[in-house]
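Have a look at the structure below before the remarks.
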Amino acid sequence: MERANHNAYYTIGIFPTMNSGMKVSDRLQMIPMSGIRKMFDLAGPGSINLGLGEPDLLPPMDAIDGMCEAAQNGKNKYSATAGIPELREAIAKRFSMYGGDITGDNVIVTPSGSTALLEITQAFIDPGDEVFVPSPGFVIYAPHVKLAGGIPIEYRLTEGDFQPDLDFIRSRITDKTKMIIINTPSNPTGGVLTKENRDAIAELAKEKGFMILSDEVYESFLYEGEHSSFLPYLDRAIVASGFSKMMAVTGWRLGFAIAGKDAMDALIKAQYHVCASPNMPAMYGVLKALPTIDPYLENARETFKRRRDLITRRINEIEGMHMDAPKGAFYAFPGYDLDIPSADLANELAKAGLICTPGSAFGTFGEHHLRFSYAASEETIEKGMDILAKVYNKLKEEKK
């Protein structure tokens, strides 16, 4: 199929009946194409792209050396389904700092953090199960629930600090509630879950008998506060994460999940039928870099914090836009006062040469926000904010 045709389907969010006998499944038909990808189709040559959550840093050299050495030394075969034991142990050792009695047996290495999320929902969600998904929240949570036959139930994040609204959640628990998905630090908001709310959610899950899926892929990028992981609660939680953001190796597609033994058995079974095993050379690359990763991460955090402070200042200088400095990840999620849907505002910005993502792409409660990634140079951020200020002020004048 030609790219032009693909772009049309991104825009309208449906798939055609390709040929007789090749009708796309109903479960895939009901999932719209990602709002993030739609924006890329609008990008003209020379556009400033603040829409992609991809670190622009170079990976650690140890990771590259380790991957190349492994490939050159013949380590290009299948591994155990859960990944090479050495990496599983290294992950357990590092992430034990967040609590819990973790060994390599609690770890599965997956072909991307996204795959970990998919395998978890496929392993534990049955048709008709209700799953709480954050709103605003990352775009794949609800589709993964639907692909497993479940029913996603949006729960609201509070404005400003973007904490789960616990009263909102409690009021919507039913006997069909099977899981809640948490993301900390958050994409798209940059919000960081407090320890008090982490513990409250864990207690609520125990009381009501549902499980927790905690996506903690941005745990390396906190600028204020501390990371409140669900690792101390593996009796009721599974933690998903990955190396794409941590090591700036998004193209390697390598993630992991940490779970209790019973849950791990199910995940290994699911993964066998998804991919047999993860990427072996990449696993050895990560293995070589992981023990000495802290200086690399300290430098990355300093870089992203400068960019965070820059984009926060520039956004808050625009009359009618407002945002608290995000505490984690590398996303800005400002609200705005202008009476215009976020998709329309993002389209106007795209026409002017700035790519971002409308808040509505992240759920009902994301409306009247925009997401900008500050995983870009300060020069790029400055140029993007110049366009934002110009377009937003122009639209304000037209609305008067």
Side-chain angles (χ1 to χ4, degrees), residues 34-44 46-57 136-139 157 159-162 183 185-192 217-218 221 223 245 250 300-301 303-338 340-363 365-395:
S34 163
I36 298 174
R37 291 295 173 186
K38 289 180 183 180
M39 296 311 302
F40 293 152
D41 296 337
L42 299 175
S47 292
I48 301 297
N49 191 344
L50 298 182
L52 191 61
E54 183 172 51
D56 62 334
L57 310 177
F138 188 47
V139 296
L157 301 182
E159 187 69 29
D161 59 354
F162 296 111
N183 180 207
S186 165
N187 177 6
T189 69
V192 173
V217 74
Y218 294 97
F221 302 105
Y223 315 109
K245 316 298 183 181
T250 51
R301 281 191 293 269
T303 298
F304 287 132
K305 187 175 185 296
R306 287 195 303 270
R307 296 171 178 182
R308 178 203 71 162
D309 294 344
L310 170 61
I311 200 168
T312 300
R313 175 178 60 80
R314 289 296 309 269
I315 286 172
N316 284 326
E317 287 174 349
I318 302 171
E319 185 178 354
M321 300 198 77
H322 46 87
M323 183 183 75
D324 294 338
K327 294 182 177 180
F330 34 73
Y331 303 103
F333 198 66
Y336 61 86
D337 298 336
L338 199 61
I340 180 175
S342 59
D344 291 348
L345 179 53
N347 284 341
E348 291 300 317
L349 291 169
K351 292 175 187 176
L354 173 60
I355 303 303
C356 65
T357 310
S360 58
F362 302 101
F365 298 108
E367 184 53 271
H368 259 69
H369 292 78
L370 298 171
R371 190 196 77 169
F372 299 95
S373 167
Y374 52 89
S377 71
E378 292 180 37
E379 179 184 7
T380 299
I381 292 169
E382 291 276 21
K383 290 179 179 178
M385 294 302 97
D386 288 345
I387 295 172
L388 174 63
K390 181 178 180 180
V391 171
Y392 192 80
N393 288 330
K394 178 175 178 289
L395 290 172

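Keep in mind it's a predicted model, so treat the numbers as computed, not measured.
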note = What one should report as the nearest heavy-atom pair of L50 and M385 is CD1-CE, 3.9 Å
message = Ignoring hydrogens, what is the shortest heavy-atom contact between I387 and G353? Give both atom names and the distance.
response = CD1-O, 3.8 Å
inquiry  = Atom CD of residue position E317 - does it have more than 12 heavy atoms of other residues, nucleotides or ligands inside 6.0 Å?
reply    = yes
message = For E319, is the CD atom crowded, meaning more than 12 foreign heavy atoms sit under 6.0 Å from it?
response = no
ask   = Just one of Y218, F221, Y223 clears the ring pair (Phe, Tyr, Trp, His ring centres under 6.0 Å) bar with F304, so which one?
value = F221
query = Which atom names give the shortest non-hydrogen contact between K327 and R308, and what distance separates them?
reply = CA-NH1, 4.3 Å
key: For N187 against N183, the heavy-atom pair lying closest together   = N-OD1, 2.9 Å
query = Does the distance from a Lys or Arg side-chain N to an Asp or Glu carboxylate O, for D309 and K305, drop under 4.0 Å?
reply = yes
ask   = Stepwise, does the side chain to side chain contact (heavy atoms under 4.5 Å, CB included) test hold for K351 with E348?
value = CA-CA 5 Å; K351 292 175 187 176; E348 291 300 317; 3.4 Å; yes
message = Set out, in order, the CA-CA distance, both residues' side-chain angles and the distance that settles side chain to side chain contact (heavy atoms under 4.5 Å, CB included) for D161 and D324, then state yes or no.
response = CA-CA 8 Å; D161 59 354; D324 294 338; 5.8 Å; no
query = So, are R314 and D386 salt-bridged, with charged N and O less than 4.0 Å apart?
reply = yes
query = Are H322 and Y336 close enough that their ring centers fall under 6.0 Å?
reply = no
query = When you measure from the side chain of S360 to the backbone N and O of S342, does any donor-acceptor pair fall under 3.5 Å?
reply = no
task = Go through the steps to decide whether R307 and D56 satisfy the test side chain to side chain contact (heavy atoms under 4.5 Å, CB included), and finish with yes or no.
result = CA-CA 12 Å; R307 296 171 178 182; D56 62 334; 2.8 Å; yes
inquiry  = Strictly distance-based, threshold 3.5 Å: is any side-chain N or O of Y392 a donor or acceptor partner for the main-chain N or O of L338?
reply    = yes
key: Residue pair C356 / L349: nearest heavy atoms and the distance that separates them   = SG-CD1, 3.8 Å
F333 and H369 aromatic ring geometry - parallel, tilted or perpendicular at 30°/60° bounds = parallel
message = Tell me the closest heavy-atom pair linking L157 and P136, and the distance in Å.
response = CD1-O, 3.2 Å
